[in-house]
Number of protein chains: 2
Amino acid sequence: MGKITMKDVAKHAGVSVATVSNVINNISNKTTEATKQKVLSSVKELNYKMDMTARSLSIGKSNLIGIFIPEVYENSAPSSLLKTNPFYSEIISGIEYEARMLGYDILISCIHSIDHALELVNKRMLDGLAILGTYDTRFWEDLKLVSVPIVLIDNYNYEAVGVNNVGIDDELGAYLATKHLTTLGHKHIAFATSEVGISEVNEKRFIGFKRAIKEAKLDQIACPVIIEAVSFKGGITIGHRLLKDHMEVTAVFAIADIMALGIIKIMHQFGRKIPEDLSIIGFDDLSICEYTFPALTTIRQDIYKKGVEVARLLIKKIDGELGLKSQELPVELIVRETTKSILR
Amino acid sequence: MGKITMKDVAKHAGVSVATVSNVINNISNKTTEATKQKVLSSVKELNYKMDMTARSLSIGKSNLIGIFIPEVYENSAPSSLLKTNPFYSEIISGIEYEARMLGYDILISCIHSIDHALELVNKRMLDGLAILGTYDTRFWEDLKLVSVPIVLIDNYNYEAVGVNNVGIDDELGAYLATKHLTTLGHKHIAFATSEVGISEVNEKRFIGFKRAIKEAKLDQIACPVIIEAVSFKGGITIGHRLLKDHMEVTAVFAIADIMALGIIKIMHQFGRKIPEDLSIIGFDDLSICEYTFPALTTIRQDIYKKGVEVARLLIKKIDGELGLKSQELPVELIVRETTKSILR
DNA sequence: TGTTTTCTCTGACATGATTAATTATAACTT
DNA sequence: AAGTTATAATTAATCATGTCAGAGAAAACA
């Protein structure tokens, strides 16, 4: 038994393939109710499933969305951020769900260059792209070469390259986090981050951090900025550096939860109690934050929701809707157990 | 400027599309070196990328692999295990990498039924499937209806449905875990699991647990089996139940890391020290295990590697290789900080 | 009844690549 | 130089679907 095609359905229903096509695609004013029912019952009886491959070829649209993740190198072996960073699985989960609801499927690939991205877009006739993570400047510039709608996540350069973005108010988030620490009476607050200039997100969060510091009239010199990679390992290193060079620090604002977890780990290891000896606040509210002890105080952004919005925005763009605004989702301070007042 | 097709390349190189096709597909003994070079340089010059959609339609093969994840319901809202369980992102990461290396792309979808799976296979002409997670018996029975190669993960019923599997020696793993605890002198060891009968994996691990208990001549009655969902929440509940009903227990073997983390959380909350008051060992070695404090002692399985093996096995099947054996990957005891000798 | 209008439905072509069958070219033989 | 092979390149059909001009039928009007 071979594959059931429209031809089979047409024969079974006693009509032409064109009619079957019209019925299935629900083209109005093309078929009478009677023939429509005939076709639909044949479809059901033969258990016909449309071949999207042929459809894609015919109409030049695949109903496939590409999710691209940077390919990174870990110990000189290629690795995916999907493996190591829970942020990605959460957001992909949101994109997948919403896209599916809107009739799109998801193709996931790690990519290392724009050429690689272009190749996939052409080869698979992708209708749109969600690009996660950070790349070098070259990459963002060359993004113009991609001819399909694109939505980015947490990228502030999106306007320059003519794409849309789903992000959050990073400055506000960082401000809220730091404000929380200053309100608790901390005077020596460290900012754990990766190279500030490398991404606008870091820049914005740094600005928010500085604003809160200034507002609390704290000495900027007493509030060191410590730079390492945004990863658990980066956090580990920062933990060591804090113990070695910054014993005066009583609170840390880590630019990402995953980093905060690394810092906590080291503090535990060297017997410094959290939050008694050191308050720590993270950023993101990964679902694993709840799993740790003490539970991480953090700035919550709804990552899953972010994914949902990415899919919505992207599919609207694909459908040709114009004048779409980039989205900015709310942030919220979640006080859990890693921060404590220093007063009294 | 429209799309560059083989026709364009053919015209540019002054040959027919068939010749271009032959060159691109590297069909030997069909073209002279001279024309081959002409074609290849035209391909480069025009920056031609093959349209896989058309190719798929033509040869009836998409070079697309489907990764299916169960759609679960959390608080009556649909959710994906991808969101909540890091195990899935790690394995997907491995599948994606190896598949890409072997020339396949990855389509990811949460599915809720065999019909849904079948629809995707037909619609997208998927060449093969990697099915993750657990489903009900109906699902596995109906798997026969799917006509493309399938590889499962950690499924012991695979032979019955004629598919292959990549798994581990669950019994050995559980035995090693429990043995570790008995060796440390524990006499009251709890087994935290989900319904044992629900999956062969649980069954096997239970057998391994019992073997170690018997070998150490412990009283089975003193070693309670506590059943909750395999999730962080399930671990939380088990933690409460341990405190309420099983204060004699000095060690817990949790069937999954994620569950162990929940238990640890509750112990911390109620001031029971780990490992001093209670030893805990998990299973899986999720990468987040390292992030927690104390770092979780566990049974390591290389989840990423598992994904790689899934892709290899699946693609071999797709390529028609016969007599493929299901894979069993090694397990290993990783002693970290959550287990401690009770002796002395 | 004859003509026009409206409404269904069909047939032929298009989409981009593969491939079997066929023709053109080159390379030997004698 | 003609005939025979071997090799290279082309033509045309095929895959499953969509599109659209136009055929045919039914309905409306005169």
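Because the structure is predicted, anything quoted here is derived from the model rather than measured. First the proteins, then the strands, lettered A, B, ... as listed; each starts at 1.
Here A:T5 lies in heavy-atom contact (under 4.0 Å) with sugar-phosphate atoms only. Across all strands, B:M50 comes closer than 4.0 Å only to sugar-phosphate atoms, never to a base (heavy-atom distances). Heavy atoms of A:S21 sit under 4.0 angstrom from at least one base atom. Residue contacts for A:L57: at a heavy-atom cut-off of 4.0 Å it reaches a base atom on one of the strands shown.
Considering only side-chain N and O atoms, A:R55 lies nowhere under 4.0 angstrom from the phosphate OP1 or OP2 of D:dA16. Taking 4.0 angstrom as the limit, B:T19 places a side-chain polar atom (N or O) nearer than this to OP1 or OP2 of D:dT10.
Straight-line distance from the CE atom of B:M52 to the C1' atom of D:dC15: 15 Å, rounded to whole Å. When the P atom of D:dA16 is taken as reference, atom NZ of A:K3 falls 6 Å away, rounded to whole Å. Atom pair A:D8:CG and D:dC15:P shows a separation of 11 Å (rounding to whole Å applied). Following rounding to the nearest Å, B:I24 (CD1) and D:dA9 (P) show an atom-to-atom distance of 15 Å. Atom-to-atom, CD1 of B:I27 to P of C:dT19 comes out at 6 Å; the value is rounded to the nearest Å. Rounded to whole Å, the distance from NZ on B:K7 to P on C:dT18 is 15 Å. Residue B:N25 contributes atom CG, which lies 17 Å from atom P of C:dG16 at whole-angstrom precision. Distance, B:Y48 OH to C:dG16 C1': 7 Å, rounded to whole Å.
Ring geometry, B:Y135 versus B:W140: the interplanar angle exceeds 60°, so the pair is classed perpendicular (tilted spans 30 to 60°).
Distance from the side chain of A:M6 is smallest for D:dT17 among the nucleotides D:dT17, D:dT10, C:dT18.
Classification of B:R312 and B:E309 as a salt-bridged pair holds, one side-chain N sitting under 4.0 Å from a carboxylate O.
Only one option out of B:I108, B:I303, B:I153, B:L132 pairs with B:Y88 in a side chain to side chain contact (heavy atoms under 4.5 Å, CB included); it is B:L132.
A:E96 places a side-chain N or O within donor-acceptor distance of the main-chain N or O of B:C110, the cut-off being under 3.5 Å.
Contacts between residues 30-41 of chain B and DNA chain D, defined by a heavy-atom separation under 4.0 Å, are made by B:K30, B:T31, B:T32, B:T35.
The 5' end of DNA chain D is approached more closely, in terms of each residue's nearest nucleotide, by B:N29 than by the other of B:A54 and B:N29. In terms of position on DNA chain D, the residue among B:V15 and B:M125 whose nearest nucleotide sits closer to the 5' end is B:V15.
Annotation for A:K61: atom NZ counts as buried by contact number, over 12 foreign heavy atoms lying within 6.0 Å. Under a cut-off of 6.0 angstrom, the local environment of NZ in A:K123 is crowded, with over 12 non-hydrogen atoms contributed by other residues, nucleotides or ligands.
No side-chain N or O of A:D115 forms a donor-acceptor pair with one of A:S113 less than 3.5 Å apart.
Below the 3.5 angstrom threshold, one finds a donor paired with an acceptor across the side chain of A:S58 and the base of D:dT17.
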